[in-house]
Amino acid sequence: MRKIEAIIKPFKLDEVKEALQEIGLQGLTVTEAKGFGRQKGHTELYRGAEYVVDFLPKVKVELIIDDSMVERAVEAIAQAAHTGRIGDGKIFIHEVADAVRIRTGERGAEAL
């Protein structure tokens with residue numbers, strides 16, 4: 001099993017969700033986040049005062065999937081989240097040792 005974490009632009013969330021559903025993935029967790037990478041934030045003008053916005057709004061999408069689906073999921077996320085502009089995001093892939101479905105006690109891939 002693998003955990004995929006994708007940090008994407010908020011307006012791309014629906015496209016990413018639809019792309020994952022198209023390849024047959026059912027569940028995911030979404031968290032609102034703030035952060036910055038190479039873009040280093042930006043400056044904005046508000047009521048005549050300029051201020052620096054260090055942390056930009058992002059969305060973190062997390063899903064646990066079987067190893068056989070990893071490449072398809074990563075490709076689906078990358079294509080759906082791509083704008084070609086700085087700040088498109090990143091995808092991280094982690095190994096998952098085990099999973100337990102609380103309701104039934106199922107473990108491993110059956111718990112997904």
Side-chain angles (χ1 to χ4, degrees):
M1 293 179 297
R2 305 283 177 169
K3 177 180 183 180
I4 296 178
E5 287 183 26
I7 310 297
I8 62 172
K9 291 181 175 183
F11 67 89
K12 286 294 201 170
L13 178 59
D14 285 337
E15 291 176 52
V16 168
K17 182 186 85 168
E18 289 170 15
L20 291 170
Q21 287 175 334
E22 283 177 18
I23 65 167
L25 296 177
Q26 299 173 10
L28 61 107
T29 301
V30 176
T31 309
E32 291 184 16
K34 292 186 179 198
F36 67 90
R38 291 185 180 157
Q39 61 203 122
K40 305 267 196 287
H42 61 276
T43 59
E44 287 187 5
L45 198 61
Y46 179 72
R47 293 189 177 183
E50 192 174 274
Y51 66 100
V52 176
V53 178
D54 288 332
F55 295 101
L56 301 172
K58 300 289 182 183
V59 172
K60 180 164 76 168
V61 178
E62 299 173 276
L63 54 149
I64 310 294
I65 59 175
D66 192 65
D67 289 344
S68 63
M69 295 290 292
V70 171
E71 286 308 314
R72 290 175 53 200
V74 168
E75 187 176 308
I77 294 167
Q79 287 180 359
H82 182 264
T83 67
R85 304 178 76 171
I86 194 165
D88 271 355
K90 298 235 178 3
I91 300 172
F92 304 100
I93 304 163
H94 310 275
E95 288 190 29
V96 175
D98 201 2
V100 178
R101 184 184 308 265
I102 295 172
R103 180 177 55 87
T104 62
E106 293 171 297
R107 297 187 78 114
E110 291 82 34
L112 301 180

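Position 1 is the first residue of the sequence; numbering continues from there.
Linking Ile, Leu, Val, Met, Phe, Trp and Tyr residues whenever their side-chain heavy atoms come within less than 4.5 Å places Ile23 and Val30 in a single cluster. In terms of hydrophobic clustering, with Ile, Leu, Val, Met, Phe, Trp and Tyr side chains grouped at heavy-atom distances under 4.5 Å, Val70 and Leu28 are assigned to a common cluster. Both Ile93 and Leu25 sit in one connected hydrophobic cluster of ILVMFWY residues. Membership requires side-chain heavy atoms under 4.5 Å apart, directly or through other members.
Considering every non-hydrogen atom in both Ala76 and Ala19, the closest pair reads O-CB, 3.8 Å. The shortest non-hydrogen separation linking Ala73 to Ile65 is CB-CD1, 3.7 Å. Scanning all heavy atoms of the two residues, the minimum distance from Lys12 to Thr83 falls at CE-CG2, 3.4 Å. Closest approach of Glu106 and Ala111 over heavy atoms only: O-CB, 3.4 Å. The minimum heavy-atom distance linking Asp67 with Met1 is given by the pair OD1-N, 3.2 Å. Of all non-hydrogen atoms in Leu20 and Ile77, the two that sit nearest each other are CD2-CG1, 3.9 Å.
Counting only heavy atoms from C-beta outward, the side chains of Lys9 and Arg85 approach each other to under 4.5 Å. You'll find the side chain of Val61 reaches within 4.5 Å of the side chain of Ile8, heavy atoms only. Under the 4.5 Å side-chain criterion, counting only non-hydrogen atoms from C-beta, Phe11 is not in contact with Val59. At a threshold of 4.5 Å between non-hydrogen side-chain atoms, the residues Val96 and Asp98 do not count as touching. Under the 4.5 Å side-chain criterion, counting only non-hydrogen atoms from C-beta, Ile91 is in contact with Ile4.
Salt-bridge annotation for Arg2 and Glu95: present, with a side-chain N of the basic residue lying under 4.0 Å from a carboxylate O of the acidic one. A salt bridge links Lys3 with Glu5: the closest approach of a Lys/Arg side-chain nitrogen to an acidic carboxylate oxygen falls below 4.0 angstrom. We find that Arg72 and Glu75 are not joined by a salt bridge, their nearest charged nitrogen and carboxylate oxygen being 4.0 Å or further apart.
Rounded to the nearest 0.5 Å, atoms CD1 (Ile64) and CG (Asp66) are 12.0 Å apart. Atoms OG1 and NZ, on Thr31 and Lys60 in that order, are 5.5 Å from each other to the nearest 0.5 Å.
With hydrogens and angles disregarded, a donor-acceptor distance shorter than 3.5 Å links the side chain of Lys58 to the backbone of Gly87.
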